[in-house]
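Working notes, structure below.
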Amino acid sequence: MDGNGRWAQLQGKGRVAGHKAGVESVRACVSSARELGVKGLTLFAFSSENWQRPKEEVSVLMDLFMFVLTREVKRLHKNNIRFQLIGDKTRFSEKLQKKIVEAEQLTKNNDAMILSVAANYGGRWDISQASKKIAQLAVNGEVNVDDIDEHMLNKHINLSNLPELDLLIRTGGDYRISNFLLWQAAYAELYFTETLWPDFKEDAFKHALASFGDRERRFGKTGEQVRTK
Ligand code: IPE
Ligand code: MG
């Protein structure tokens, strides 16, 4: 979800206004995804590197996260959406951590869609934390080193409760993944758009899904193999 700051600047406003406007795009995309039957939607809200931003901006983002979580969790629950946070929770304030856990608990049995919010998240962190868990299991004698494979790693990496990642969207005109779902994106279709996040609403989201529908996914096979299947 990139481009909040630039959007605000174009309006002659401060960056905070961009983040607030971005919340409306979150709502639009979540409800659109839910209506269209998307099973999993993962939003990159705050990277492990975003802590390096000016203190005031970080603080506003945390307050906004707290505010939105408080305001929206009932609506998510009503729509049978499960909420989960992926990322290292321990760096958030105790109050925010509590809110996150409450939201996860309340919605844990919902099964229409899983909404994952990646916060204090990084793809490399994700792969490292999974490796650490497996190393500990090996030390405990619960895992054989020879049995460590992609499948095992996958089980300890975030979003293992979701199907394979299909589509990765980046708004804001930069053509990079920026440490998002590195492991999960192995076969994902990539969609880049110049649209700034606060302008990325239902129509833009549908446009991205339509583009996904036009792609030929070969998973290493030839085009002919896939088409004659
Ligand atoms: C994305 O918008 C929001 C977060 C990272 C929280 P930016 O804040 O990165 O907006 P730009 O890139 O400065 O326009
Ligand atoms: Mg940015």
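Whatever order the structure lists them in is the order used to number ligands and atoms, beginning at 1.
Nearest N/O/S atom of Asp2 relative to the Mg ion (ligand 2): this is OD1.
Residue-level proximity to ligand 1 for Gln9 is absent, since no heavy atom of it falls below 4.0 angstrom. At a heavy-atom distance under 4.0 Å, only backbone atoms of Ala45 (N, CA, C or O) approach ligand 1. Contacts of Arg53 with ligand 1, taken as heavy-atom pairs under 4.0 Å, involve the side chain alone. Residue contacts with ligand 1 for Asn50 involve side-chain atoms from C-beta outward but no N, CA, C or O (heavy atoms, distance under 4.0 Å).
Considering all non-hydrogen atoms of both residues, Pro198 and Gly18 come closest at CG-O, 3.8 Å. Of all the heavy atoms in Asp88 and Phe92, the pair that sits closest is O-CE1, 3.9 Å.
Counting the atoms of ligand 1 from 1 in the order shown, those under 4.0 Å from a heavy atom of Arg15 are 7 (P), 8 (O), 10 (O), 13 (O). Atoms of ligand 1 lying under 4.0 Å from at least one heavy atom of Arg6, given by number and element, are 11 (P), 12 (O), 14 (O).
Summary of contacts: the protein heavy atom closest to atom 10 (O) of ligand 1 is Gly5 N, 2.9 Å. Given atom 1 (C) of ligand 1, the protein heavy atom at minimum distance is Met1 O, 2.9 Å. Residue, atom and distance of the protein heavy atom nearest to atom 2 (O) of ligand 1 are Asn4 N, 3.2 Å.
Among the atoms of Asp174, none of the N, O or S atoms falls under 2.8 Å from the Mg ion (ligand 2).
Salt bridge absent: Glu104 and Lys108 never bring a charged side-chain N and a carboxylate O closer than 4.0 Å. In this structure, Arg170 pairs ionically with Asp2, as a charged nitrogen and a carboxylate oxygen lie closer than 4.0 Å.
No hydrogens or angles considered: a donor-acceptor pair under 3.5 Å links the side chains of Asn154 and Trp183. Under the 3.5 Å distance criterion, with hydrogens and angles disregarded, a donor-acceptor pair is assigned to the side chains of Glu57 and His19.
Screening Lys39, Arg217, Arg215 against Asp166 for a salt bridge (Lys or Arg N to Asp or Glu O under 4.0 Å) leaves a single residue, Arg217.
Looking only at side-chain heavy atoms (C-beta outward), Leu209 and Tyr191 stay at 4.5 Å or farther from each other.
Within the 4.0 Å heavy-atom shell around ligand 1 one finds Gly3.
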